[in-house]
Protein chains: 2
Amino acid sequence: MTDDLVARIRRFNRAVTRETGALDNSFLDRGRPLGAARVLNAIGRGMGDLGRLRAYLGIDSGLLSRLLRGLEREGLVETLADPGDARRRIARLTAQGEAEFAAYEDLSNARAAALLTRHPRPEALVAAMDLVACALGQEQIETAQEDPRCAVALACLASYYAELAGRLPGGFEVGRSRDPEAADMSAPRGSFRVAYADGLPVGCVGLKRREADWAEVKRLWVAPAARGLGLARRLMAEIEADAGALGVRLLRLDTNSALGEATEFYRRSGWREIARFNDDPYPDLFFEKALCD
Amino acid sequence: MTDDLVARIRRFNRAVTRETGALDNSFLDRGRPLGAARVLNAIGRGMGDLGRLRAYLGIDSGLLSRLLRGLEREGLVETLADPGDARRRIARLTAQGEAEFAAYEDLSNARAAALLTRHPRPEALVAAMDLVACALGQEQIETAQEDPRCAVALACLASYYAELAGRLPGGFEVGRSRDPEAADMSAPRGSFRVAYADGLPVGCVGLKRREADWAEVKRLWVAPAARGLGLARRLMAEIEADAGALGVRLLRLDTNSALGEATEFYRRSGWREIARFNDDPYPDLFFEKALCD
DNA sequence: CAATTTGCCTGACTTAAGTCAAGCAAATGA
DNA sequence: TCATTTGCTTGACTTAAGTCAGGCAAATTG
């Protein structure tokens with residue numbers, strides 16, 4: 001049985017190797033060797049300082065240096081010293097470099113769009129790709145504190161609300177819930193964290209400050225593709241650390257018994273069920289947890 | 001919305017590029033350049049003649065020749081003339097080459113197995129990979145006539161029966177159905193076709209000879225991952241061609257109204273509903289189609 | 001049968017990719 | 001302050017990968 005699964009994974013590997021080979025070839029159509037194209041694209045996606053570039057591309061410092069000189073000669077890139085430490089250097093795209101980067105982006109986007117249009121069930125295909133990407137990159141998931149009003153945060157929250165609407169017996173409308181005000185979930189009053197798998201959001205959690213000594217955990221959500229990888233545990237640990245740093249000693253949260261795996265998770269990770277502490281119509285279970293330091 | 005899907009496909013591409021890069025590097029651990037390793041593996045997977053090797057690997061004949069000489073020097077490969085056309089040459093592995101190929105196989109299998117064991121939902125992951133592999137390789141699906149008693153045919157039929165068991169209102173047990181005897185679905189009496197996506201089965205269809213002038217289409221099945229790609233249409237067209245070649249002029253089939261998309265498909269592709277023509281307990285819809293030549 | 005085509009091999013290249021050691025300037029530490 | 005470390009660059013390599021033209025023998029065609 002496992003043999004069969006392994007064989008299928010290997011078919012997947014072959015299919016995908018063929019595809020990425022084709023993608024590489026299309027990159028070469030712009031008349032630049034793959035190495036240089038990769039550097040240009042990495043800079044375009046925000047990897048400025050050379051250390052990160054080297055780590056991401058997995059290349060030697062000598063090689064990176066040479067590739068950068070080549071791109072500089074083409075007028076696509078310029079490098080400047082890091083203001084904080086003049087040994088370090090930061091690469092960035094010139095206007096011309098931005099244009100070239102955009103051309104590569106268009107190429108990739110067009111290929112992706114072509115795949116979508118010739119598939120009968122694009123959403124299913126992309127959901128499958130999400131699952132695979134999360135499985136392959138499970139060590140690479142990063143989290144960052146974000147403003148709860150930024151675009152990615154809103155996208156996470158929209159997915160979260162959509163899921164609630166589907167799973168709560170009576171549906172869910174944000175307007176009727178006690179939507180936490182963004183200010184209470186932003187520094188310095190609270191916190192909002194987003195988990196990213198290679199730049200796209202796959203989870204979030206909010207900390208809403210209530211009184212001086214207690215705060216509420218809100219909007220814990222993990223994308224379906226990333227479930228089971230321990231991301232909820234990690235987000236919760238990080239938001240608890242944020243709470244500790246803000247001087248909070250007691251956390252509370254509310255949830256609904258229809259969300260069985262969430263309730264299970266809270267019980268397993270040190271939360272204690274308490275009586276209702278708000279008048280929100282949706283939750284029917286309430287928990288609290290004391291932070292020890 | 002499509003922008004979002006495109007971004008997710010591109011994240012998938014990046015995740016997978018990283019992974020295949022790592023795979024390539026593990027291949028290099030065996031001390032052989034990637035090109036030579038690819039040739040060795042392609043020969044190991046049955047690609048003997050040099051023309052197919054070149055097409056599959058996408059390399060120039062000069063380069064392939066040189067890589068083969070290298071593998072010959074290592075004692076892993078030997079080439080002989082094609083008995084039918086002495087200009088063509090056929091490469092095959094020596095005993096030592098088989099051992100080396102097996103070592104690469106073990107490496108790949110171990111990586112795949114590691115991915116499985118660290119994932120919470122291995123079946124879901126592999127199903128997602130199947131879907132993606134079929135989407136990427138949809139042009140590459142090949143069909144072949146097989147013996148209905150061979151291992152892949154039995155695997156297809158098992159999946160087919162499992163699906164029927166889940167979808168028919170009263171379940172499904174093969175034993176109670178009129179299981180066509182294999183001899184009636186083998187040449188020269190009938191036909192059985194399997195569709196392969198890169199070596200793994202993704203669909204099948206059988207033709208069971210009944211009388212001199214008519215035959216029954218049985219076991220039309222397409223793997224979930226490959227649905228919507230027009231594979232049923234293709235399998236049906238090929239089995240109709242097989243039927244024509246066998247001198248059959250009239251085809252019949254039975255199905256169940258619970259399989260809505262199948263019924264729809266038959267109606268759309270020239271089948272006409274007729275009265276029950278057998279006493280199988282499972283079907284409740286019967287079709288026939290005259291073959292014109 | 002001779003002329004042509006096909007399939008493969010070889011030698012002579014070019015380009016890309018990667019490695020290694022030396023060197024230089026800015027930062028850090030005793 | 002001086003020695004050391006860090007981050008980057010450069011020059012001098014090696015290896016892999018790929019291209020192209022010429023050549024040869026077997027097959028095919030007129």
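The shown structure was predicted, so the numbers you read here are calculated from the model rather than taken from an experiment. Both backbone and side-chain heavy atoms feed into the values below; hydrogens, waters and symmetry mates do not.
For the pair B:Asp82 CG and C:dG7 C1', the interatomic distance rounds to 11 Å; values are reported in whole Å. Atom CG in A:Leu80 sits about 15 Å away from atom P in C:dA26, given to the nearest Å. For A:Ile90 and C:dA26, the CD1 to C1' distance is 15 Å, given to the nearest whole Å. Rounded to an integer number of Å, the gap from CG of A:Asn25 to P of C:dA16 is 14 Å. When rounded to the nearest whole Å, the span between CZ of A:Arg32 and P of C:dA17 equals 12 Å. Between the CG atom of A:Leu50 and the P atom of C:dA26 there is a distance of 16 Å, given to the nearest Å. What separates CD1 of B:Ile59 from P of D:dT19 is a distance of 10 Å, to the nearest Å. Atom P of nucleotide C:dC8 and atom CD of B:Glu72 are separated by 13 Å, given to the nearest angstrom.
Heavy atoms of B:Leu64 sit nowhere under 4.0 angstrom from any nucleic acid atom. Note on A:Arg54: only backbone sugar-phosphate atoms sit closer than 4.0 angstrom, heavy atoms only; bases stay farther off. The residue A:Asp85 sits close only to the backbone: its heavy atoms come under 4.0 Å of sugar-phosphate atoms, none of a base. Across all strands, B:Arg38 comes closer than 4.0 Å to no nucleic acid atom at all (heavy-atom distances).
With hydrogens and angles left out, the side-chain atoms of B:Glu78 and B:Thr94 include no donor and acceptor closer than 3.5 Å. Side-chain contact of B:Ser61 with B:Arg54: a donor-acceptor pair under 3.5 Å is absent, judged by distance alone.
Distances from the side chain of A:Arg87 to the nucleotides C:dT5, C:dC8, D:dT5 place D:dT5 closest. Considering only the side chain of A:Ala86, C:dA26 comes nearest among D:dG18, C:dA26, C:dT19.
When each of A:Asp60 and B:Ser61 is assigned the nucleotide of DNA chain D with its nearest heavy atom, A:Asp60 is the one assigned upstream, toward the 5' end.
Residues B:Leu67 and B:Ala36 share a closest heavy-atom pair of CD2-N, 4.0 Å.
The CG atom of A:Leu5 sits 11.5 Å away from atom OG1 of B:Thr117, with the distance rounded to the nearest 0.5 Å.
Side-chain to base pairing of A:Arg66 with D:dG11: one donor and one acceptor N or O lie within less than 3.5 Å of each other.
The phosphate of C:dG7 has OP1 or OP2 within less than 4.0 Å of a side-chain N or O from B:Arg88. For C:dT10, one of the phosphate oxygens OP1 or OP2 lies less than 4.0 angstrom from a side-chain nitrogen or oxygen of B:Arg69.
Geometrically, B:Arg30 engages B:Tyr104 in a cation-pi contact, judged by NZ or CZ lying under 6.0 Å from the ring centre and within 45° of the ring axis.
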